[in-house]
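Shown next, in structure tokens, is the structure this report addresses.
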Amino acid sequence: MRIDVGMQKGGVGKTTTSINLAGALANRGHDVLAVDADPQGGLTLKSGHRDQYREGEYALYDVLSEMGQLSLGNLDELIIHGDEFDIVPSHIRNFRLEKHLYSETRGVETLKLSLDRLTADYDYIVIDSPPNLGPLADGALLAAENVLFPSHANTIAKDSLEILFDEIDTLEDKFDDVNISTVAAVLNEVGRDGVSGEMAEWFNSTFGERFVFQVPDWVVVEHSIGYRTSIFAYDPDDAGYPWDAEKTGTLRDRYTAIANHVENLS
Ligand SMILES: Nc1ncnc2c1ncn2[C@@H]1O[C@H](COP(=O)(O)OP(=O)(O)OP(=O)(O)O)[C@@H](O)[C@H]1O
Ligand SMILES: [Mg+2]
């Protein structure tokens, strides 16, 4: 199963959610690949692959543009194996991809075609999307046909979601046989006072209560990302934050619930 963690709004927690969902699924024994489809490389940098991002020999650009030695069948060559899950890293060169994919008639379909040709076998592929609507974000939606969107639980979220779902409708109209399902809404960075009754009601009635999850706004989330792991491999003692232990447990439960839900859909 492929899941696009997508939302055209910046800073809502796409990368954090991608890392922790991938970690949760891996923790449950699955083979997981996380694809960094964002040219800004948040997932790649946060996973500690700065050299690959800046100076790696090959990039997704090379695979999807087929301008050099690599072609759509060579995505395997980009994979970096990790302790928790594997990743297809981003590369600074991927900024050129947006322009390139725009100009090609079937550009947005290349990520899907390339994933279809992976020889490595994964139970789940999680795609971290860029914070805009463009051919890379569209490509991730088409490749996964499943979207999980992180969102802040504020009133602007409704507008952002409307834009996302308009884009999904457009893609479904444009491409035959494409049907993009909503996997979950993850209300991220929920503050101490929780989600307002009105917003909770709106999310639950729009997507169905069992599709809506909440992740608190806790510095532990940042600590675990800074430790370069998901919350599942985060060791608060080793990181120097022993007091994070209890909240680490709570966060693992939250992301495990999302992973369980994903398993039930697949
Ligand atoms: N639940 C949380 N609690 C505390 N901090 C969080 C939480 N989720 C995300 N953050 C922090 O918020 C910032 C933005 O998160 P993240 O990078 O995951 O968002 P994004 O949607 O991927 O951003 P971009 O659109 O730039 O790619 C990061 O510094 C991250 O560590
Ligand atoms: Mg990001």
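These figures come from a predicted structure and were not determined experimentally. Start at 1 and go down the list; that is how both ligands and their atoms are numbered.
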For Ala157, is there any backbone N or O sitting under 3.5 Å from a side-chain donor or acceptor partner on Lys9? no
Verdict with reasoning, Leu75 to Arg117, per side-chain contact (heavy atoms from CB on, under 4.5 Å): CA-CA 8 Å; Leu75 192 61; Arg117 288 179 208 179; over 6 Å; no
Around the Mg ion (ligand 2), how many protein N, O or S atoms are there at under 2.8 Å? 1
Please determine whether any non-hydrogen atom of Pro216 lies less than 4.0 Å from an atom of ligand 1. yes
How many angstroms lie between CG in Asp38 and CG in Leu43, if you round to the nearest 0.5 Å? 9.5 Å
What's the spacing between Asn146 CG and Ser181 OG if we round to 0.5 Å? 5.0 Å
Pairwise distance OG(Ser65) to CZ(Arg93) - rounded to 0.5 angstrom: 8.5 Å
Got an N/O contact under 3.5 Å between Pro131 and ligand 1? no
Any donor-acceptor pair under 3.5 Å linking the side chain of Thr110 with the backbone of Arg106? no
Does ligand 1 have any atom that is closer than 4.0 Å to a heavy atom of Gly42? no
Determine whether Arg28 and Glu263 satisfy the following criterion, salt bridge (Lys or Arg N to Asp or Glu O under 4.0 Å), listing intermediate values before the conclusion. CA-CA 10 Å; Arg28 293 184 54 76; Glu263 286 172 340; 2.8 Å; yes
Result block: side-chain N/O donor-acceptor pairs under 3.5 angstrom for residues 184-197, not counting sequence neighbours:
residue, atom, partner, partner atom, Å
Asn188, ND2, Val12, O, 3.1
Glu189, OE2, His152, NE2, 3.0
Ser196, OG, Met199, N, 3.1

Heavy-atom distance from atom 4 (C) of ligand 1 to the protein below 4.0 Å? yes
Quick test: of every protein heavy atom, which one is nearest to atom 26 (O) of ligand 1, and how far off is it to 0.1 Å? Gly11 N, 3.9 Å
Just which atoms of ligand 1 are under 4.0 Å from any heavy atom in Gly10? 25 (O)
Among Arg254, Gln214, Lys46, which one puts a heavy atom closest to atom 28 (C) of ligand 1? Lys46
For ligand 1, which atoms, with element, lie under 4.0 Å from some heavy atom of Glu222? 5 (N), 11 (C), 29 (O), 31 (O)
Ligand 1 contact on Asp217 by region, counting heavy-atom pairs under 4.0 Å: both
Would you say the rings of Phe149 and Phe165 are close, in the sense that their centroids are separated by under 6.0 Å? yes
Can you list the atoms of ligand 1 that are under 4.0 Å from a heavy atom of Val215? 1 (N)
In terms of residue, atom name and distance, what is the protein heavy atom nearest to atom 8 (N) of ligand 1? Asn188 ND2, 2.9 Å
Are Tyr255 and Asn27 linked by a side-chain donor-acceptor pair shorter than 3.5 Å? no
Taking the six-membered ring for Trp, are the ring centroids of Phe213 and His261 within less than 6.0 Å of each other? yes
Intermediate values then yes/no, side-chain contact (heavy atoms from CB on, under 4.5 Å), Leu161 and Trp202: CA-CA 12 Å; Leu161 280 164; Trp202 184 80; 3.7 Å; yes
Closest to atom 15 (O) of ligand 1 among protein heavy atoms sits Thr16 OG1, 3.7 Å
Distance-only N or O hit between ligand 1 and Thr15, under 3.5 Å: yes
Decide whether an N or O pair under 3.5 Å exists between Ile225 and ligand 1. no
Hey, looking at atom 21 (O) of ligand 1, which of Lys14, His223, Gln40, Glu189 has the closest heavy atom? Lys14
Decide whether an N or O pair under 3.5 Å exists between Gly13 and ligand 1. yes
Under 3.5 Å, side chain of Asn132 to main-chain N/O of Gly134, donor-acceptor pair present? no
Which of the atoms in ligand 1, numbered in the order shown and given with their element, are less than 4.0 Å from a heavy-atom of Asp38? 27 (O)
Carefully, step by step, assess Asp31 and Tyr124 under the rule side-chain hydrogen bond (donor to acceptor under 3.5 Å, both in side chains). CA-CA 7 Å; Asp31 287 325; Tyr124 292 96; over 6 Å; no
